[in-house]
Chemist: 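Quick one: the structure is below, and I'll ask about it shortly.
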Amino acid sequence: MKRKQERARQKALGGGDNREKVVRDVQLPETIVVSELANRMAERVAEVVKALMQNGMMVSQNQVIDADTAELIIEEFGHKVVRVSDADVEQVIETADDKEEDLKPRAPVITIMGHVDHGKTSLLDAIRDAKVVAGEAGGITQHIGAYQVTTESGAVLSFLDTPGHAAFTSMRARGAQVTDIVVLVVAADDAVMPQTIEAINHAKAAGVPMIVAINKIDLPAANAQKVRTDLLQHEVIVEAMSGDVQDVEVSAHTGQGLDELLEAIALQAEVLELKANPERAAQGAVIEAQLDVGRGPVATVLVQNGTLKQGDIFVVGEQWGKVRALVNDKGERVAEAGPSVPVEVLGLNGTPEAGDVLNVVSSEAQAREIAEYRENAAKEKRAAAGAATTLEQLMQKAKDDKDVSELPIVVKADVQGSAEAIIQAMEKIGNDEVRVRVLHYGVGAITESDIGLAEASGAPVIGFNVRANAPARQAANQKGVEIRYYSVIYDLVDDVKAAASGLLSAEIQEDFIGYAQIREVFKVTGVGKVAGCLVTEGVARRSAGVRLLRDDVVIHEGTLKTLKRFKDEVSEVISGQECGMAFENYDDIREGDVIEIFTRKEVERTL
Ligand code: GDP
């Protein structure tokens, strides 16, 4: 009886009889979760854990083991090891192109852009209210960052409820191009303004078609014709001016023209022939995300392809999770969300960022592995903050890469006249290989939005007699966007010309952002020497460059390994506070030395 049972068990395991064992190629990254290892070998987890124990490793199925250990086990089970690098963990994300016959029409995704106070928010609210109240009984919408409406003719449209160019561009910068159509709102009593131009340029840079909504048509001062002629100057030729950009006169207040606007959008969408495959593993983009007190991390995701279902395991940016619940824009629980549908996703392990891409994967281990890999990669990237895009690098890239034959730039100047002169000069520069393309130009300080646009397109920002404001400077430092300051057009032209021929000698100007004095030197095991300092001026910043000065002589230049305030690693310490600093790869620090902290991102050329 006992033997019989044993035989049955062996058979169930698939090992006992004389059937040939399948030898598998097992993809092995630098580290792997035990259960995933078992999964990849198609062996039982318990067997793998047992084998590990026999090798002296007491681990559970959820623990991570290193590749060398895993290799031993794989060989023990008689499979073949295929070592893959860290980045290969991303390969489990399904990227295969959809077959034509699997593609089904999907709703367009619309972003409303335009100058402040021209009525973006009012228009979004008006559209939603008009459509939802008419549609669902008692349908009270919930703000989740996006909503869907159905037009009179039955077309479904998805609106992103986060107006503003920064949102649009930062999403694009993070690799999520979600918008299919931009509605450019221009107030009829005001016409084209700086942010209108900005919006036009953002839309053009992203290659997204535009529809012009001439708003506030109810006002006595409304002059739609002036808007149309104004737009001509910015190469937006509306249909009324025999161009091909649709324009609709609307009023967010009276509701006039709203249906017409929606039909115009539907028409534009038809031309675009937007399609997606609802049958595949979902991919989407995060529109908004926050940590909700009661519900934990919540993200509004716009599904772009496939269908997101309850129970799906996914990775999103540096986070992962399992869909616990999906909530639509009406606050209702839904079981799934197909292409172009915005839903709130519950069940995340952390809060992702707007613009992060969500991908459904097949196992929790995979999701965790990818999230961990991304987190590490992002950390390394932040550490190597010097990886800024400089003019030279861009030019080199433009030359190396046959597809990129343009050097994109963003220009801000003190007056319209100089901005225009710069643009004209820039357009003349260029040879067979590279051309300069001005993505956006404007008058006034360099803003965060300029930096966003520059980052999204990998462009430097040129400031002519203007400076970047504080948030913009910070954003540029963080994102590695180069800002160049000029006060003589000739210099600027010269530099860009030189960059175009690959001859630009780097000219770096530094900004001193702070000084700190070493009060005491400690030895910390595992870290080395740590300087106990007092920041005497400005700020000490973890990501900045540092120099060690002894008697006013520079004796070392490098970066910081740590910046600590009490026990915590911090990114910044301000003047008057004490902190601990240690240099990367440098140990000869003494009491009384001065640490100079500087940034190098901004380059100034003046005559
Ligand atoms: P946003 O900054 O572009 O989001 O603009 P808002 O939607 O906040 O609108 C700015 C101001 O314009 C508000 O005071 C609105 O009440 C007003 N407004 C918006 N649309 C209309 C409209 O169609 N007609 C009139 N008369 N006022 C409008």
Side-chain angles (χ1 to χ4, degrees), residues 90-110 135-136 141-142 144-150 154-161 171 175-181 266 269-270 272-289 295 297-317 319-349 352 354-368 370-371:
E90 299 249 6
Q91 279 174 3
V92 299
I93 294 174
E94 205 187 318
T95 49
D97 283 339
D98 292 304
K99 284 204 239 52
E100 191 56 42
E101 64 263 30
D102 293 335
L103 293 173
K104 302 275 173 324
R106 66 167 177 86
V109 180
I110 303 114
E136 280 79 16
T141 53
Q142 175 177 327
I144 64 165
Y147 63 80
Q148 281 197 318
V149 296
T150 308
V156 177
L157 314 176
S158 298
F159 281 88
L160 291 192
D161 197 356
M171 296 248 275
Q177 167 105 358
V178 292
T179 305
D180 299 308
I181 297 168
E270 244 169 64
L272 292 174
E273 290 188 25
L274 304 163
K275 283 182 179 160
N277 174 8
E279 298 304 328
R280 67 184 289 165
Q283 188 219 306
V286 175
I287 310 292
E288 278 185 2
R295 302 185 296 168
V298 179
T300 297
V301 172
L302 183 86
V303 179
Q304 294 182 284
N305 206 358
T307 300
L308 185 62
K309 303 186 181 86
Q310 200 167 337
D312 274 350
I313 295 163
F314 58 88
V315 53
V316 53
Q319 313 296 338
W320 64 280
K322 182 171 178 175
V323 180
R324 201 170 69 224
L326 296 171
V327 180
N328 72 7
D329 54 349
K330 290 164 195 82
E332 303 155 348
R333 288 278 288 265
V334 290
E336 55 178 52
S340 294
V341 176
V343 272
E344 268 193 335
V345 177
L346 277 68
L348 290 137
N349 277 26
D356 277 344
V357 175
L358 175 144
N359 289 102
V360 168
V361 293
S362 52
S363 77
E364 217 165 284
Q366 279 178 354
R368 195 161 10 164
I370 297 171

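No hydrogens, no waters, no symmetry mates; every other heavy atom, side chains included, goes into these values. Not measured: the values here are computed from a predicted model.
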Chemist: Do N277 and N305 come close enough that some side-chain heavy atom pair is under 4.5 Å?
Modeler: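 Side chain of N277 against side chain of N305, heavy atoms only: contact under 4.5 Å found.
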Chemist: Write down the atom of V303, the atom of A337, and the distance for their closest heavy-atom approach.
Modeler: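 Where V303 meets A337 most closely, the heavy atoms are CG2-O, 3.7 Å.
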Chemist: Indicate yes or no for a side-chain donor-acceptor contact from N349 to the backbone of G321 under 3.5 Å, with no hydrogens or angles considered.
Modeler: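 Not confirmed, N349 side chain does not pair with G321 backbone.
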Chemist: Got a second to check how far E364's CD is from W320's CH2, nearest 0.5 Å?
Modeler: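 It is 4.0 Å, given to the nearest 0.5 Å.
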Chemist: What distance separates T307 OG1 from R280 CZ, expressed to the nearest 0.5 Å?
Modeler: 11.0 Å
Chemist: Kindly check if the number of other-residue, nucleotide or ligand heavy atoms within 6.0 Å of CD (E273) is above 12?
Modeler: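 No - once you tally the heavy atoms of other residues, nucleotides and ligands closer than 6.0 Å, there are 12 at most.
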Chemist: Does the T300 side chain pair with the main chain of I287, one donor and one acceptor, at a distance under 3.5 Å?
Modeler: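 Side chain of T300 to backbone of I287, a donor-acceptor pair under 3.5 Å: no, none is there.
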Chemist: Looking at CG of N328 and CZ of R333, how far apart are the two atoms once the value is rounded to the nearest 0.5 Å?
Modeler: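 It is 11.5 Å, given to the nearest 0.5 Å.
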Chemist: Any heavy-atom pair between the side chains of V301 and F314 that's under 4.5 Å?
Modeler: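 A side-chain contact under 4.5 Å is absent here.
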Chemist: Which distance, rounded to the nearest 0.5 Å, do you find between the CD of E336 and the CD of Q310?
Modeler: 10.5 Å
Chemist: If you look at every heavy atom in P352 and V316, which pair is closest and at what distance?
Modeler: CB-CG2, 4.0 Å
Chemist: Could you state the interatomic distance from CG (L272) to CG (D180), rounded to the nearest 0.5 Å?
Modeler: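 Taking CG in L272 and CG in D180, the distance rounds to 6.5 Å.
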Chemist: Answer whether the closest heavy-atom distance between the side chains of I144 and E288 falls below 4.5 Å.
Modeler: no
Chemist: With respect to V341, which candidate in R106, Q148, Q304 satisfies the side-chain contact (heavy atoms from CB on, under 4.5 Å) definition?
Modeler: Q148
Chemist: Considering non-hydrogen atoms only, spot the tightest contact between G306 and P339 and give its length.
Modeler: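 Minimum heavy-atom separation between G306 and P339: O-CD, 3.2 Å.
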Chemist: Are the side chains of L358 and V315 in touch, meaning some heavy atoms are under 4.5 Å apart?
Modeler: no
Chemist: Search all heavy atoms of D329 against all heavy atoms of A146 and return the closest pair with its distance.
Modeler: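 Result for this residue pair: CB-O, 3.6 Å.
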Chemist: Using 0.5 Å steps for rounding, measure from the CG atom of L326 to the CG atom of L346.
Modeler: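 Atom-to-atom, L326:CG and L346:CG are 8.5 Å apart.
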Chemist: Where do S340 and A107 come nearest, in terms of heavy atoms and distance?
Modeler: OG-O, 2.6 Å
Chemist: Between V178 and A285, what is the shortest heavy-atom contact and its length?
Modeler: CG1-CB, 3.3 Å
